[in-house]
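Predicted model, so just to flag it, every value in this text is computed and none were measured. All residue numbers in this chain count up from 1 along the given sequence.
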Amino acid sequence: MKLFFYEVRKIFSWKLLLLILLVNVLLFKLLIEFDLDYFPNGRPTGDHFDIEQQIIPMFGAEWDEEELSELQGMYDAEVADADAYLANDPEAVAVGMDSYEKFKNYDYENEEQKAYHDKIFFDSDEDFPWRLQTYEWYFTEYQSREESIITYMNDVSEGQKKRLQQLLDEKRFAFYSDVVTNNFKTYKTSIAIAIFVSIAILISPIFIRDKIANVQPLQYSSAKGRKLYRTKWFAGLFSGTLLTAILLLFYMALYGTNDTHLHFDLPLTSFGWNYHWYDITFWQYIILSVIVIFILSVVLTVLTMAISSIVPNRIVLIGVQIGVQFLMIAVGATYVVQHVIDLNYAQLFVPSLFGGFTLFTVLIMWAVWKRELKRDIV
């Protein structure tokens with residue numbers, strides 16, 4: 001165990017930790033910070049989020065006609081406020097838009113009305129145009145909840161049609177926007193990229209360092225012998241797993257600052273515009289995403305150690321790692337992490353990518369172990 005922890009300390013050198021810190025700060029600024037600081041981003045996204053924060057505790061995951069009527073009452077109260085504002089605005093009265101109904105249905109060809117409408121929407125601090133428009137979106141979506149699924153069924157495979165028909169039969173409709181789920185999908189993809197790059201930095205030197213220093217013959221001829229190779233693998237696997245766990249805890253704690261906890265208990269079927277293969281809650285979806293990132297990071301740790309064991313020098317190591325990182329970002333982060341159970345892809349597409357990459361890495365590891373344990377000491 002003493003040798004194991006010695007190897008772990010070698011892996012977690014202060015230079016590598018400093019580099020990982022700098023890389024994460026850079027990637028945080030480039031990829032991650034926006035989804036935290038600017039969530040919800042703009043309008044009507046922010047209005048969707050604000051209204052949902054208000055009505056989720058009241059209505060839950062599904063609405064009925066009574067709850068729709070209650071939402072209509074909230075809408076009517078805000079329409080009354082908008083009517084009062086417009087009726088008391090001389091400019092609105094002058095252009096004939098002294099009520100919300102007239103404001104909403106203004107004459108596009110009337111330059112004065114168009115100018116006033118755009119001014120209130122885009123150049124004023126008034127909330128009512130955006131909020132009332134958002135309420136109206138919920139009413140429209142509620143009325144067309146079945147038609148939305150039926151329309152989506154026109155251009156999908158038989159397996160996807162079967163899943164959508166199941167949603168129709170069980171009356172599992174979307175009642176909320178996808179503002180929160182889309183934000184999380186982008187966020188988890190970004191943190192996966194940050195973790196993958198960090199793993200590559202930490203683990204890449206594990207074998208190449210000794211190879212360049214030409215100390216492997218001395219290590220293999222010692223009392224520990226080739227068991228040292230196995231110890232290094234276990235130390236690398238432990239280190240990669242530990243780094244992944246730390247970064248996941250850190251980034252998911254940051255995600256908590258988005259205040260999306262009210263959405264956690266909603267099933268994914270409650271969120272509009274996107275469909276999924278399985279009936280799980282948003283919280284379970286978060287847990288699934290974390291598990292997928294964790295497993296991919298462990299697989300990448302193993303693959304990185306195999307590469308470090310095979311390549312002859314640092315130049316080749318960097319070249320190979322660039323290719324591996326491209327694969328991990330283009331396939332692992334973009335497809336496996338971001339679209340893990342999305343209905344847009346065949347049900348077995350993402351699991352096949354995940355399983356294929358894992359199997360390939362295991363085979364590479366087995367081949368490298370077999371090669372190293374039989375390799376002559378030069």
[X] side-chain N/O to [Y] backbone N/O, donor-acceptor pair under 3.5 Å:
X: Q284; Y: T281; result: yes
X: N154; Y: T151; result: yes
X: E7; Y: F4; result: no
X: T334; Y: I329; result: yes
X: N183; Y: V179; result: no
X: D83; Y: Y100; result: yes
X: W63; Y: F175; result: no
X: Q143; Y: T140; result: no
X: N274; Y: L268; result: no
X: S69; Y: E65; result: no

Should the pair [X]-[Y] be classified as a salt bridge under the 4.0 Å nitrogen-to-oxygen rule?
X: D107; Y: K114; result: no
X: D127; Y: R131; result: no
X: R172; Y: E62; result: no

Here the side-chain hydrogen bond (donor to acceptor under 3.5 Å, both in side chains) pairs for residues 288-297, sequence neighbours left out, are K188-S289
So do the side chains of [X] and [Y] get within less than 4.5 Å of each other, counting heavy atoms only?
X: V79; Y: F128; result: no
X: I286; Y: M252; result: yes
X: F59; Y: L71; result: yes

Cluster membership besides V25, Ile/Leu/Val/Met/Phe/Trp/Tyr side chains within less than 4.5 angstrom, sorted by chain and number, is L21
Excluding F34, membership of its hydrophobic cluster (Ile, Leu, Val, Met, Phe, Trp, Tyr; side-chain heavy atoms within less than 4.5 Å) reads Y38
For this session: Classify the angle between the aromatic ring planes of F28 and Y251 as parallel (below 30°), tilted (30 to 60°) or perpendicular (above 60°).
Result: parallel
Fill in: Stepwise side chain to side chain donor-acceptor pair (under 3.5 Å) check, D76 with Q72
CA-CA 6 Å; D76 291 341; Q72 181 70 51; 2.9 Å; yes
Spacing of [X] atom [atom1] and [Y] atom [atom2] [to the nearest 0.5 Å]:
X: F103; Y: S99; atom1: CZ; atom2: OG; result: 10.5 Å
X: M74; Y: I51; atom1: CE; atom2: CD1; result: 7.5 Å
X: M153; Y: Y275; atom1: CE; atom2: OH; result: 10.5 Å

Please tell me whether [X] and [Y] have a donor and an acceptor in their side chains that are separated by less than 3.5 angstrom.
X: R163; Y: Q166; value: yes
X: Y116; Y: D89; value: yes
X: D279; Y: T269; value: no
X: E101; Y: N105; value: yes

* To do: Would you check, one step at a time, whether the test ring-ring contact (aromatic ring centres under 6.0 Å, His included) holds for Y75 with Y138?
  => CA-CA 11 Å; Y75 170 77; Y138 289 113; over 10 Å; no
State yes or no: do I295 and I193 share one hydrophobic cluster built from I, L, V, M, F, W and Y residues joined by side-chain heavy-atom distances below 4.5 Å, directly or via other members? yes
### Query
Are Y152 and I150 grouped together when hydrophobic residues (ILVMFWY) are joined by side-chain heavy atoms under 4.5 angstrom apart?
yes
Surrounding CZ of F360 (heavy atoms of other residues, nucleotides or ligands, distance under 6.0 Å), is the total greater than 12? no
Side-chain atoms of residues 237-250: list all donor-acceptor pairs with protein atoms under 3.5 Å, sequence neighbours left out, distances to 0.1 Å.
| residue | atom | partner | partner atom | Å |
| --- | --- | --- | --- | --- |
| S239 | OG | A235 | O | 2.7 |
| T241 | OG1 | L237 | O | 2.7 |
| T244 | OG1 | G240 | O | 2.8 |

**OP:** Check the pair D178, K185 against side-chain contact (heavy atoms from CB on, under 4.5 Å), reporting the backbone distance first and the verdict last.
**Re:** CA-CA 10 Å; D178 65 347; K185 286 181 178 180; over 6 Å; no
Compile the donor-acceptor pairs under 3.5 Å between side chains in residues 259-267 and protein atoms, sequence neighbours left out, one pair per line.
| residue | atom | partner | partner atom | Å |
| --- | --- | --- | --- | --- |
| T260 | OG1 | Y255 | OH | 3.2 |
| H263 | NE2 | E52 | OE1 | 3.0 |

Residue pairs passing the ring pair (Phe, Tyr, Trp, His ring centres under 6.0 Å) test with at least one member in residues 303-335, sequence neighbours excluded, are Y335-Y345, Y335-F349
Check against side chain to side chain donor-acceptor pair (under 3.5 Å), Y106 and E112
CA-CA 10 Å; Y106 75 99; E112 291 183 338; over 6 Å; no
Tested for side chain to side chain contact (heavy atoms under 4.5 Å, CB included) against W277, the lone hit among V340, V350, L343, D342 is L343
